[in-house]
Amino acid sequence: MKTLETHLCFGGTLGVYEHESAVLGCRMTFSVFLPPQAKDGDVPLLTFLSGLTCTHENFTTKAGAYGFAAAHGLAILAPDTSPRGDDVPDDDAYDFGKGAGFYINATRTPWNTHYQMESYITDELNALVCAHCPVAKDRQGITGHSMGGHGALTLGLKYPDLFQSISAFAPIVAPSHVPWGQKAFAGYLGDDQDVWQQHDACALITAAEDRRAYPEILIDQGRGDNFLEEQLRPHLFEQACLKAQQALQLRMHDGYDHSYYFIQSFIADHVKHHAALLTTE
């Protein structure tokens, strides 16, 4: 874990780091914000997963989250969206390959050698940050945007012992049924759609053995989002949660688009949502 840069920020510290990932077989970069409360002991950790084409830097510089995180005593981890490097296979399209790891473990060649983002996020990177930063291993939440919203929902649902709180901005809730997800799943996983269901938030919430195991999930979605009807389709997750009796707060906002201006507008509510579930008195 090599330090690339550090900055004082709202009384806390923002650090950008890199490390050699054994899981992904390449060098990865990520950021961690530690609030001022971290000087006195372990604080809860919120992981933010970014969307297509992004790196750690998009959230780090554009989301405007750190003032709210400092106020609530929350650390925030922002990883990359895919493996990186000259040896990592890529695709010319923006929605597949580098920048589009979809937070799953690929099984098809040549992608399976490097594209193991599910294991990277939930195992290797999490363990690294918990070992080197004053964060509480047993008080963690996950959120994300678009493709990262898909990752936040699916990883949050699949790893409830790791993540105790879940939220998302404009998530891909049913990747098995929309073009972005179908392309990625076919390329990374093959054509067996039963396998796809293991990485589909709607399918996961419907199949959950304990339908009341998850705290309320918060989702914000802009009605002015160009991807709303074709790629995101939040109403499908709303229907799945209703059927499964899963608590969900789906907030639809007139005029808001898919950009970080949308995220900035509601990031305070998401930090508060996670802090309420993760902070102990």
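Remember, it's a predicted structure, so these values are computed and weren't measured experimentally. Sequence positions, counted from 1, serve as the residue numbers for this chain.
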| said: Within the supplied structure, the quantity of interest is the number of heavy atoms (other residues, nucleotides, ligands) at a distance under 6.0 Å from Phe30 CZ; does it exceed 12? | reply: yes
| said: Looking only at the side chains, is there a donor atom on one of Thr107 and Asn112 sitting less than 3.5 Å from an acceptor on the other? | reply: no
| field | More than 12 heavy atoms of other groups within 6.0 Å of Glu57 CD | value | no
| task | Measure the shortest side-chain to side-chain distance between His199 and Tyr103 over non-hydrogen atoms and say whether it is less than 4.5 angstrom. | result | no
| query | Could you walk me through whether Ser165 and His274 pass the side-chain hydrogen bond (donor to acceptor under 3.5 Å, both in side chains) check? | reply | CA-CA 6 Å; Ser165 57; His274 291 277; 2.7 Å; yes
| For Ser119, all residues meeting side chain to side chain donor-acceptor pair (under 3.5 Å), sequence neighbours excluded | Asn105
| Looking at Val88, Leu24, Ile104, which one forms a side chain to side chain contact (heavy atoms under 4.5 Å, CB included) with Tyr115? | Val88
| task | Indicate the ring-plane relationship of Phe96 and Tyr188, choosing parallel, tilted or perpendicular according to the 30° and 60° boundaries. | result | parallel
| query | For the side chain of Thr81 and the backbone of Leu52, is there at least one donor-acceptor N/O pair under 3.5 Å apart? | reply | no
| message | Heavy-atom count check: over 12 atoms from other residues, nucleotides or ligands less than 6.0 Å from Asn226 CG? | response | no
| query | Taking atom types as modelled and ignoring hydrogens, do the side chains of His7 and Glu5 form a donor-acceptor contact shorter than 3.5 angstrom? | reply | yes
| task | Please examine the side chains of Glu124 and Ser21, heavy atoms only from C-beta on, and report whether any two atoms are closer than 4.5 Å. | result | yes
| said: Before we go on, tell me: are the rings of Tyr120 and His19 under 6.0 Å apart, centre to centre? | reply: yes
| request: Ignoring hydrogens and angles, state whether a donor on the side chain of Asn126 or Gln140 is under 3.5 Å from an acceptor on the partner side chain. | output: yes
| field | Glu229 CD: over 12 foreign heavy atoms closer than 6.0 Å | value | no
| message | If you define the side chain from C-beta out and look only at heavy atoms, does anything of Leu278 sit under 4.5 Å from Gln164? | response | yes
| field | Check: Trp111 and Pro89 side chains under 4.5 Å, non-hydrogen atoms | value | yes
| Are Leu218 and Leu45 connected in a single hydrophobic cluster, I mean Ile/Leu/Val/Met/Phe/Trp/Tyr linked by side-chain heavy atoms less than 4.5 Å apart? | no
| query | According to a 4.5 Å side-chain heavy-atom criterion applied to Ile, Leu, Val, Met, Phe, Trp and Tyr, with indirect links allowed, do Val23 and Met1 form part of one hydrophobic cluster? | reply | yes
| task | Kindly say whether the aromatic ring centers of Tyr66 and Phe33 come within a distance under 6.0 Å. | result | yes
| Please walk me through it: do Phe262 and Asp220 pass side-chain contact (heavy atoms from CB on, under 4.5 Å)? | CA-CA 9 Å; Phe262 164 61; Asp220 277 309; 3.9 Å; yes
| Any side-chain heavy-atom pair from Val32 and Tyr17 closer than 4.5 angstrom? | yes
| query | Do the non-hydrogen side-chain atoms of Thr29 and Asp80 ever get within less than 4.5 Å of each other? | reply | no
| Do any pairs count as a salt bridge (charged side-chain N to carboxylate O under 4.0 Å, His left out) and have a residue in residues 159-178, sequence neighbours left out, and if so which ones? | none
| task | Please work out which of the three classes, parallel, tilted or perpendicular, describes the rings of His270 and Phe169, given edges at 30° and 60°. | result | parallel
| message | Under a 3.5 Å distance rule, please check whether Asp225 uses its side chain to pair with a backbone N or O of Gly222 as donor and acceptor. | response | no
| Are any of the side-chain heavy atoms of Ile172 and Leu232 separated by less than 4.5 Å? | yes
| query | Hey, what's the ring geometry for Trp196 with Phe185, parallel, tilted or perpendicular (30° and 60° as the breaks)? | reply | perpendicular
| field | Distance, nearest 0.5 Å, that separates CG of Leu228 from CZ of Arg223 | value | 9.0 Å
| query | Within a strict 4.5 Å, meaning less than it, do heavy atoms of the Phe10 and Pro35 side chains meet? | reply | no
| Do the side-chain N and O atoms of Tyr159 and Glu118 include a donor-acceptor pair separated by under 3.5 angstrom? | yes
| message | Are more than 12 heavy atoms, taken from residues, nucleotides or ligands other than Tyr261, located less than 6.0 Å from that residue's OH atom? | response | no
| Backbone of Ile205 reached by a side-chain donor or acceptor of Gln246 within 3.5 Å | no
| task | Verify ring pair (Phe, Tyr, Trp, His ring centres under 6.0 Å) between Phe266 and Tyr256, making sure each step is shown before the conclusion. | result | CA-CA 11 Å; Phe266 301 102; Tyr256 283 92; 5.0 Å; yes
| said: Other residues, nucleotides and ligands only: do more than 12 of their heavy atoms fall within 6.0 Å of NZ on Lys183? | reply: yes
| message | Evaluate His56 against Val16 for side-chain contact (heavy atoms from CB on, under 4.5 Å), listing each step before the verdict. | response | CA-CA 9 Å; His56 73 283; Val16 179; 3.7 Å; yes
Expected list for residues 142-157: side-chain donor-acceptor pairs under 3.5 angstrom, two or more places apart:
from, atom 1, to, atom 2, distance (Å)
Thr143, OG1, Ser167, O, 3.2
Thr143, OG1, Ser167, OG, 2.8
His145, NE2, His258, O, 3.0
Ser146, OG, His258, NE2, 2.9
His150, NE2, Phe102, O, 2.9
Thr154, OG1, His150, O, 2.9
Thr154, OG1, Gly151, O, 3.3

| said: Other residues, nucleotides and ligands only: do more than 12 of their heavy atoms fall within 6.0 Å of CZ on Arg27? | reply: no
| task | Go through the steps to decide whether Asn58 and Ser50 satisfy the test side-chain hydrogen bond (donor to acceptor under 3.5 Å, both in side chains), and finish with yes or no. | result | CA-CA 8 Å; Asn58 297 77; Ser50 294; 5.6 Å; no
| request: Taking only Lys NZ, Arg NE, NH1 and NH2, and the carboxylate oxygens of Asp or Glu, determine whether Asp269 and Arg251 approach each other closer than 4.0 Å. | output: yes
| Value rounded to 0.5 Å, distance of CD in Gln239 from SG in Cys202 | 8.5 Å
